[in-house]
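What follows is a single structure, written as structure tokens, with notes after it.
FYI, side chains are in, hydrogens and waters are out, and symmetry mates aren't considered; it's all heavy atoms of this structure. In what follows, chains are A, B, ... by sequence order, proteins preceding strands, each numbered from 1.
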Protein chains: 2
Amino acid sequence: MKADAESPGDVVASPIGTADIPQIANIELLFFAYRAFTGDPDRILTRFGFGRAHHRALFFVSRRPGMTVAELITILGITKQSLSRVLRQLIQSGHIRQITGRSDRRQRHLYPTKAGHELILELSQPQSRRIADALHACGLADSEAVSCFMQAMIDADDRKLLDAIATATG
Amino acid sequence: MKADAESPGDVVASPIGTADIPQIANIELLFFAYRAFTGDPDRILTRFGFGRAHHRALFFVSRRPGMTVAELITILGITKQSLSRVLRQLIQSGHIRQITGRSDRRQRHLYPTKAGHELILELSQPQSRRIADALHACGLADSEAVSCFMQAMIDADDRKLLDAIATATG
DNA sequence: AAAAATATGTCAGTACTATTGACATATTTT
DNA sequence: AAAATATGTCAATAGTACTGACATATTTTT
């Protein structure tokens with residue numbers, strides 16, 4: 001149990017800094033920024049007995065109503081087994097509804113209900129406000145620099161998925 | 001089991017957009033950007049049987065060597081029980097070392113070992129490169145706009161924690 | 001028409017990260 | 001000596017993810 005010592009041995013005592021990792025400060029900032037960003041909705045989700053996975057599913061379904069289960073799985077980057085429970089709960093709670101495909105009756109098209117629509121708005125509002133406030137505080141009202149940066153951070157294949165959403169959404 | 005329907009009922013068929021949530025596009029971008037950002041180290045961590053929690057712990061210990069367990073808990077925003085297993089594994093694997101406090105012998109000061117130092121560099125390099133590339137692609141070499149934005153996203157109390165790290169790190 | 005492929009769903013088992021609550025030990029402060 | 005603090009551990013629970021196996025309905029291919 002005594003994995004502990006009185007004297008430094010092998011130890012590295014100097015902090016890693018910009019000399020080691022040029023973007024270390026931004027790495028750190030991104031960690032904290034994302035935590036703040038997800039913290040707002042987390043508090044709301046607790047009221048419904050939901051977690052972040054529910055939020056993400058509802059978000060993308062609301063962003064692209066009528067998407068199939070397979071499309072949602074691709075965007076979320078999880079397995080159907082992982083999505084299964086989350087989706088079942090969102091359907092049972094009346095936030096998402098499945099509609100059998102007209103042309104292909106194997107498919108299930110996903111739509112937010114009115115309740116689901118209201119919930120995603122409630123979850124998104126504090127996030128939107130936080131982003132808008134941050135942009136404003138830095139004099140970046142048009143958000144072009146930040147949007148470009150975030151887009152450039154994303155892998156090519158994920159950017160394709162995003163384009164598909166943007167196309168459907170306008 | 002038939003939570004599914006042939007006809008739309010209560011359903012909201014129009015996608016949420018900028019009219020509903022002004023920053024909806026940036027919310028979406030941030031989700032994908034962060035996923036890409038964490039994806040790089042995730043692949044490396046698997047080799048060691050570690051997860052993201054190990055990465056975060058090692059990151060902050062390396063960023064501020066000599067920090068106590070209590071300080072690490074505060075920064076990570078988790079309970080000591082959650083940290084316990086992760087820290088024990090990092091100590092057993094020889095990536096972090098504990099040194100009993102000289103003035104207060106109850107405290108355990110945490111340091112990365114040489115192995116820990118090398119691992120955090122390996123984990124941080126792809127993240128740093130990704131950020132640097134994204135900044136460069138958007139002509140934001142000095143990263144001022146992006147850094148300001150991320151800092152402004154963070155809650156006041158977390159920003160204090162960050163300042164403490166920055167002060168120690170220079 | 002039969003066979004293969006596809007879309008979805010479910011069950012079982014496992015892993016990682018987190019929680020709360022209770023309790024233990026060593027050390028410092030009062 | 002008593003109280004507070006820093007750390008650590010055990011047990012139980014929850015949320016999110018995974019793999020593998022199997023089932024059903026439907027569509028496509030042969």
Side-chain angles (χ1 to χ4, degrees), chain A residues 1-6 31 35 38-39 41-43 45-58 66-93 96-110, chain B residues 1-6 31 35 38-39 41-43 45-58 66-93 96-110:
Chain A
M1 285 302 108
K2 189 142 182 308
D4 133 56
E6 308 283 325
F31 166 74
R35 187 163 79 179
T38 53
D42 280 357
R43 278 162 229 132
L45 288 160
T46 304
R47 288 210 322 261
F48 294 83
F50 289 158
R52 259 180 226 181
H54 300 85
H55 183 184
R56 289 198 289 266
L58 180 58
M67 88 195 313
T68 66
V69 171
E71 287 167 342
L72 183 54
I73 283 168
T74 302
I75 283 181
L76 292 175
I78 59 176
T79 60
K80 64 177 175 176
Q81 294 91 330
S82 296
L83 179 61
S84 160
R85 188 184 46 90
V86 167
L87 196 53
R88 198 187 324 128
Q89 289 170 338
L90 283 165
I91 289 165
Q92 277 173 358
S93 65
I96 285 185
R97 195 139 174 229
Q98 286 179 321
I99 296 179
T100 300
R102 287 172 294 99
S103 56
D104 187 337
R105 293 177 49 79
R106 291 171 303 182
Q107 294 182 332
R108 301 290 177 268
H109 295 275
L110 304 172
Chain B
M1 285 300 106
K2 187 142 187 304
D4 131 58
E6 309 283 327
F31 166 75
R35 186 163 79 178
T38 53
D42 281 356
R43 278 162 230 130
L45 289 161
T46 304
R47 288 210 322 260
F48 294 82
F50 289 158
R52 261 181 223 179
H54 300 84
H55 183 186
R56 289 198 291 267
L58 181 58
M67 86 195 315
T68 65
V69 171
E71 286 168 343
L72 182 55
I73 283 169
T74 302
I75 282 180
L76 293 175
I78 59 175
T79 59
K80 63 176 174 176
Q81 294 90 330
S82 296
L83 179 60
S84 160
R85 189 185 45 89
V86 166
L87 196 51
R88 196 187 326 130
Q89 289 171 338
L90 283 166
I91 289 165
Q92 279 174 356
S93 65
I96 285 185
R97 195 141 175 226
Q98 286 179 321
I99 296 180
T100 299
R102 288 172 292 99
S103 56
D104 187 338
R105 292 177 50 79
R106 290 171 304 182
Q107 293 181 333
R108 300 290 177 269
H109 295 277
L110 305 172

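- Along DNA chain D, the nucleotide nearest to A/Asp104 and the one nearest to B/Leu87 differ in position, and the one closer to the 5' end is contacted by B/Leu87.
- Nucleotide D/dG8 holds its C1' atom 16 Å from the CG atom of B/Leu90, rounded to whole Å.
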Output side-chain donor-acceptor pairs under 3.5 Å for residues 72-81 of chain B, partner residues at least two apart or in another chain, one line each.
unit_1  : atom_1 : unit_2  : atom_2 : d
B/Thr74 : OG1    : B/Ala70 : O      : 2.9
B/Thr79 : OG1    : B/Ser82 : N      : 3.3
B/Thr79 : OG1    : B/Ser82 : OG     : 3.0

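- Annotation: proximity of residues 73-85 of chain A to DNA chain D (heavy atom, distance under 4.0 Å) is found for A/Gly77, A/Ile78, A/Thr79, A/Gln81, A/Ser82, A/Arg85, numbered in ascending order.
- Here the nucleotide nearest the side chain of A/Gln107, chosen from C/dA18, D/dA17, C/dT8, is C/dT8.
- Atom NE2 of residue B/His54 and atom CZ of residue B/Arg85 lie 5.5 Å apart, to the nearest 0.5 angstrom.
- For D/dT5, the OP1/OP2 oxygens have no side-chain nitrogen or oxygen of B/Arg106 closer than 4.0 Å.
- For the strand DNA chain C, secondary-structure stems (runs of at least three Watson-Crick or G-U pairs, all distances below 3.5 Å) span C:1-30 with D:1-30.
- When the nearest nucleotides of DNA chain D are assigned to A/Gly49 and B/Thr68 by heavy-atom distance, the more 5′-ward of the two goes with B/Thr68.
- Backbone-only contact: B/His54 has heavy atoms under 4.0 Å from sugar-phosphate atoms and none from a base.
- Taking CG of B/Leu58 as the start and CG of B/Leu45 as the end, the distance is 9.0 Å to the nearest 0.5 Å.
- Set against C/dT28, D/dT7, C/dA7, the side chain of B/Gln98 has D/dT7 as its closest nucleotide.
- A/Gln107 approaches A/His109 most closely through the heavy-atom pair OE1-NE2, 3.7 Å.
- Within 4.0 Å of A/Ser103, counting heavy atoms only, lie sugar-phosphate atoms of the nucleic acid but no base atom.
- The distance between atom CG of A/Leu72 and atom P of C/dT8, rounded to the nearest whole Å, is 10 Å.
- One atom, CD of A/Glu71, and another, C1' of C/dT8, lie 14 Å apart when rounded to the nearest Å.
- B/Asp42 contributes atom CG, which lies 6.5 Å from atom OG1 of B/Thr46 (distance to the nearest 0.5 angstrom).
- Atoms CZ (A/Arg52) and P (C/dT19) sit 11 Å apart, rounded to a whole Å.
- Here CZ of B/Arg43 is found 9.0 Å from OG1 of B/Thr38. Values are rounded to the nearest 0.5 Å.
- Between B/Arg56 and the phosphate of C/dA18, there is a side-chain N or O to OP1/OP2 separation shorter than 4.0 Å.
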